[in-house]
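Input: a single structure, listed below in structure tokens.
Each ligand, and each atom within it, is numbered from 1 in the order the structure gives.
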Amino acid sequence: MRPRASGPKVGFDRRRRSVSDGVTREMSQMPELPPVMLTADQVQARIRELAREIARDYGPNEDLHLVAILKGAFLFLGDLIRAMDRNVTIDFMAVSSYAKGTTSSGEVRMIKDLDSGLEGRNVIIVEDIVDTGLTLAYLQEILRARSPKTLRTACLLSKPSRRKVDVKVEYIGFTIEDRFVVGYGLDFAERYRNLPFIGVLNE
Ligand code: IMP
Ligand code: MG
């Protein structure tokens, strides 16, 4: 069965943490370890499915160029490309959304641009999470202006209830409720990026 394009919808039920969630005994000693929304195994399995969806959508001889948005998408990119068996190249871009705390202000500023051009390439933007969609709308606009052959977007997580602009995302890992999530690359004040699972803050 073909997975839904938007990925499984995920609620949050105060799951208990366990070693099978990807939480080691040492890690469970971390103060304020957030409760698990998506286990490390769920994340990894869904990323392998996304890689298969992407493989189906592009011809077998098409090279892909993945543009990951720093810092949140770095682990997602690493696992996604290791699940792909074709020629891939990668590049990184960093943007700041002038975020204060847990909400984005809507203004986007580029901090680090790409190393190489996009003309004629099959480009996939790799993002951690789409919230209001403002960051992604900005990125798609500036990258489309660089004349890629194709431009698509892969996001590990999506919070559709928070959307302020209608932005197209072809590959979505999981659709989640409006909760502030951390782990697997996502941070709160630069913390929690190293967690192997997706956790919920302030539960
Ligand atoms: P947007 O422009 O509102 O869509 O915000 C996108 C960016 O905000 C993401 O790339 C994240 O860096 C950050 N963000 C939004 N929601 C969350 C969250 O729940 N946890 C961590 N970062 C988030
Ligand atoms: Mg981000």
I need the atoms of ligand 1 closer than 4.0 Å to a non-hydrogen atom of Glu127, numbered in the order shown. 10 (O)

Looking at Leu186, which atoms of ligand 1 are within less than 4.0 Å of one of its heavy atoms? 20 (N), 21 (C), 22 (N)

Using a 6.0 Å cut-off, check whether atom CG of Asp178 has over 12 heavy atoms from anything other than its own residue. yes

Those residues that, when tested against Lys149, pass side-chain contact (heavy atoms from CB on, under 4.5 Å) (two or more places apart): Glu62, Asn122

Contact between ligand 1 and Arg162 is defined here as a heavy atom of the residue under 4.0 Å from a ligand atom; is it met? no

Check the surroundings of atom NZ in Lys112: do more than 12 heavy atoms from other residues, nucleotides or ligands lie under 6.0 Å from it? yes

Pair Asp113 + Arg146: basic N to acidic O under 4.0 Å: yes

Quick check on contacts: which atoms of ligand 1 are under 4.0 angstrom from a heavy atom of Asp187? 21 (C)

So does Glu141 pair up with Arg144, basic N to acidic O under 4.0 Å? no

Going by the closest heavy atom to atom 12 (O) of ligand 1, which one wins out of Asp128, Ile69, Thr132? Asp128

Need the ligand 1 atom indices (1-based, order shown) with element for anything under 4.0 Å from a heavy-atom of Lys159. 16 (N), 17 (C), 18 (C), 19 (O)

Test your reading of the structure: does Gly133 have an N or O sitting under 3.5 Å from an N or O of ligand 1? yes

Indicate yes or no for a side-chain donor-acceptor contact from Tyr184 to the backbone of Leu75 under 3.5 Å, with no hydrogens or angles considered. yes

Geometric cation-pi criterion, Arg152 with Tyr58: 6.0 Å, 45°: yes

Quick one: OH on Tyr171 to CD1 on Ile125, what's the gap to the nearest 0.5 Å? 12.5 Å

Please list, in number order, the atoms of ligand 1 under 4.0 Å from a heavy atom of Arg179. 19 (O)

Does the residue Leu136 have a heavy-atom contact with ligand 1, meaning some pair of atoms that are separated by less than 4.0 Å? no

Best match, Val108, Asp131, Thr135: closest heavy atom to atom 2 (O) of ligand 1: Thr135

Could you say whether the N/O atoms of Val182 and ligand 1 ever approach to under 3.5 Å? no

